[in-house]
Amino acid sequence: MQRVSRRHEKRAEGRTAGRVGVRAGGRAGALALLLAGAMALTACGSGDSASDGTRELSSDTRNGQGSTGGGQPAPDGAAPEKGRSAAPTGESGDVARLDVPPPDYRSTFALDVDTASYGYARRTLGDGRLPSPDEVRPEEFVNSFRQGYERPKGPGFSVHVDGARIGSGKGGGGGTGASDWSLLRVGLATEAAPSAAERPPAALTFVVDISGSMAETGRLDLVRKSLTVLTDELRDDDSISLVTFSDEAETRLPMTRLKGNRNRIKDVVEEMRPDQSTNVEAGITLGYEESVEGHRKGATNRVVLLSDALANTGDTEADGILEKIDSTRREYGITLFGVGVGSDYGDAFMERLTNKGDGNTTYVGDETQARKVFVDQLPAHLEIRARDAKAQVAFDRKTVKQFRLIGYENRKVADEDFRDDSVDGGEVGPGHTVTALYAVRLREGASGTVAKATVRWLDPKTREAQEETGTATTGAIDGSLWGGGDARLQVAAVAAYFADHLRGGDLPGAPGLGELASRAARLAETTEDSSVTKLAKAIGQADRIERGSGTDDEPEPDEGEIG
């Protein structure tokens, strides 16, 4: 076997430094004006329409990962010339105009198709433990389930916007003002994945963690089985290279075509054995070098990292690791796909790596999940259909009083950067769907447009920017969430409420875990979807752990029983 040295050095680009400095100065000036305006308005006796004593949610501030609520109430919807930016009239009768910007009713985020947070939470619950709140990302729970959106007939996205009234929910601890709230669903979908014969060839560099921690059952043994299965699934014109790492990185297999070499590849995979510490930096750096050396024009070139992501040697920070190969990654368009394993898993580290590496991440806890990822998903979804994809939802201040995006905290983008194509977004492949849920509070008696959702992305080949939009009115979100309507919307709601509960949030209308488990079980029957059955089981496990009853299987509770 040939040990390969690392050849690429860090090349800093610094392209955003000037822009950040300008914005920082502008924000300081705006803050001074805002404070002055607030004092003037207070002196005038101006109040806020949301000061009714109830707990409010908003889009503007957030009290940490563990809470969904808390923040400032959304501003009222008065027009700028009549409402908050109107200046008081002094004794001389002169009007002092303050250029206070109107309240922001936009929400912008990078698209995300990761599911690792949900997969790892299921593993943790199965081990009899609650996941750490900072490892729970609601968008990854929601995006683990099919939503059935109509797909576009060509490149790009379809945009689906709808929702339902939340209500208090029987036995659900609906909380103050829950009946005023709705759930808004923004659904994006790409064209269905092509058949294996129709997709471009793939050049995959597998970077495998063989550190000592990977010796645990369900880690390296699962990786070996997964790669052996994948070797049989890939086409003859696909290529594989294999890099392993512990305290150092080593090339086990240079880029090799599958045709005539499957047994050789399987032998190299089988020879992998656990070694010493975890130097992720060395593994990724060498992996990208191998991907560049084996780069195939017209093919999908991707690095696949398989690890428990417990870095303890070399650079252990995700940003630092990706900076070292940043220029190579951009020049060659190589994307990073992370596959997490193990009961003790560095979820946040892996997510940060793949977000920065223009890719996505998933979690594999057993052979069933491994087969789903490496047989059902990876071969069909190797292509990238949209680069740097972002979504922006613009709410209508005449109908919407408050709103909050559920999750996506790590994927938020400044509103003014939505059409700045140098700002990173998310990478989306064929057959993918992305769902974003918002808690929305409508104004009393509101009627008309609620929100307009726009998705913007770069064509992976031409790098040309494209956009697609969708709109929802009050009529589109007027039905009852739990009233027997869209089953897939209910599944998304159950997943979001479950995630929010696990991280200590307080979404309006949140049912208790017992009721959520019951709803999930009924939805599993309605949809005939085994993944929803597993969701119901996970919620039941969380409920029993919280009540100190262990994880042994018990009959699912009837609706309304919270325990």
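- Judged by distance alone, the side chains of Ser144 and Thr115 never bring a donor and an acceptor atom under 3.5 Å apart.
- No donor-acceptor pair under 3.5 Å is formed between the side chain of Thr251 and the backbone N or O of Leu253.
- For the pair Arg387 (side chain) and Arg463 (backbone), a donor-acceptor distance under 3.5 Å is absent.
- Among Thr361, Asn360, Asn410, the one residue that satisfies the side-chain hydrogen bond (donor to acceptor under 3.5 Å, both in side chains) test with Glu351 is Asn410.
- Glu191 is not listed as a side-chain neighbour of Pro430, based on a closest heavy-atom distance of 4.5 Å or more.
- Distance alone, capped at 3.5 Å, places no donor-acceptor pair between the Tyr408 side chain and the Leu437 backbone.
- Phe109 and Tyr438 have tilted rings, their planes meeting at an angle from 30° to 60° on a 0 to 90° scale.
- Between the Glu140 side chain and the Ser117 main chain, a donor and an acceptor come within less than 3.5 Å of each other.
- One N or O on the side chain of Ser226 and one on the backbone of Leu222 form a donor-acceptor pair closer than 3.5 Å.
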**Request:** Apply side chain to side chain contact (heavy atoms under 4.5 Å, CB included) to Val413 and Phe418, showing your working.
**Result:** CA-CA 7 Å; Val413 174; Phe418 177 59; 5.8 Å; no

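- For the side-chain hydrogen bond (donor to acceptor under 3.5 Å, both in side chains) test with Lys266, the passing option among Thr228, Asn261, Asp232 is Asp232; the others fail.
- Checked against Thr205 for a side chain to side chain contact (heavy atoms under 4.5 Å, CB included), the options Glu293, His295, Glu290 give a single hit: Glu290.
- Remark: side-chain polar atoms of His501 are not paired, donor with acceptor, to backbone N or O of Phe498 under 3.5 angstrom.
- Checking side-chain atoms of Tyr363 against main-chain N and O of Arg123 turns up no donor-acceptor pair under 3.5 Å.
- Within the 4.5 Å cutoff, the side chain of Val303 has no heavy atoms near those of the Ile284 side chain.
- Checked against Asp238 for a salt bridge (charged side-chain N to carboxylate O under 4.0 Å, His left out), the options Arg262, Arg257, Lys259, Arg199 give a single hit: Arg199.
- Heavy-atom minimum distance, Gly338 versus Thr354: N-CG2, 3.6 Å.
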**Request:** Begin from the C-alpha positions of Thr108 and Asp415 and carry the test side-chain hydrogen bond (donor to acceptor under 3.5 Å, both in side chains) through to its verdict.
**Result:** CA-CA 6 Å; Thr108 309; Asp415 293 334; 2.7 Å; yes

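- Of the possible donor and acceptor atoms, none in the side chain of Asp506 sits under 3.5 Å from a partner among the backbone N and O of Gly504.
- Proximity of Asp221 to Thr217: side-chain heavy atoms (C-beta onward) are separated by under 4.5 Å at one or more points.
- Ring pair Phe141/Tyr118 is perpendicular by interplanar angle, where above 60° counts as perpendicular and below 30° as parallel.
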**Item:** side chain to side chain contact (heavy atoms under 4.5 Å, CB included) between His432 and Leu111, intermediate numbers included
**Value:** CA-CA 11 Å; His432 282 156; Leu111 302 197; over 6 Å; no

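- The two residues Arg302 and Glu383 have their closest heavy-atom pair at NH2-O, 4.4 Å.
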**CA sep, side-chain torsions, deciding dist, call: Arg503, Glu409, salt bridge (charged side-chain N to carboxylate O under 4.0 Å, His left out)** = CA-CA 13 Å; Arg503 65 178 192 168; Glu409 287 85 6; 3.0 Å; yes

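- A donor and an acceptor atom, one from each side chain of Ser107 and Gln392, are nowhere located under 3.5 Å apart.
- Of the possible donor and acceptor atoms, one in the side chain of Arg273 sits under 3.5 Å from a partner among the backbone N and O of Glu270.
- Looking at every heavy atom in both residues, Ala453 comes nearest to Val186 through CB-CG1, 3.8 Å.
- The closest donor-acceptor contact from the side chain of Gln369 to the backbone of Gly365 lies under 3.5 Å.
- When all heavy atoms are compared, the tightest approach of Asp388 to Gly425 is OD1-N, 3.0 Å.
- Counting heavy atoms from C-beta on, the side chains of Thr300 and Thr335 never come closer than 4.5 Å.
- The side-chain hydrogen bond (donor to acceptor under 3.5 Å, both in side chains) with Thr278 is formed by just one residue from the set Ser307, Ser211, Ser246; it is Ser211.
- Across every non-hydrogen atom of Leu353 and Leu322, the tightest pair is CD2-CD2, 2.8 Å.
- Ser531 OG to Phe145 CZ: the interatomic distance, rounded to the nearest 0.5 Å, is 5.5 Å.
- What you find for Tyr149 and Arg185 is that their closest heavy atoms are OH-CD, 3.3 Å.
- A 4.5 Å side-chain heavy-atom check between Leu513 and Glu546 finds at least one atom pair inside the cut-off.
- Using a cutoff of 4.0 Å between basic side-chain nitrogens and carboxylate oxygens, Arg411 and Glu139 are not scored as salt-bridged.
- Residues Lys390 and Asp417 are not paired through a salt bridge, judged by the lack of any N-O separation under 4.0 Å between the basic side chain and the carboxylate.
- Atom CZ of Arg296 is surrounded by more than 12 heavy atoms from other residues, nucleotides or ligands within 6.0 Å.
- A salt bridge is defined here as a Lys NZ or Arg NE, NH1 or NH2 lying under 4.0 Å from an Asp or Glu carboxylate O, and Asp237 with Arg235 meets this definition.
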**Prompt:** Between Leu125 and Lys537, does a side chain to side chain contact (heavy atoms under 4.5 Å, CB included) hold up when you go through it step by step?
**Reply:** CA-CA 10 Å; Leu125 290 166; Lys537 180 178 180 180; over 6 Å; no

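- More than 12 heavy atoms of other residues, nucleotides or ligands lie within 6.0 Å of CZ in Arg385, so this atom counts as buried by the packing criterion.
- Ring-centre distance between Tyr332 and Tyr288: not below the 6.0 Å cut-off.
- In this structure, the side chains of Val223 and Met214 come closer than 4.5 Å at one or more pairs of heavy atoms.
- Side-chain contact between Val280 and Thr316: absent, with no pair of heavy atoms (C-beta onward) separated by less than 4.5 Å.
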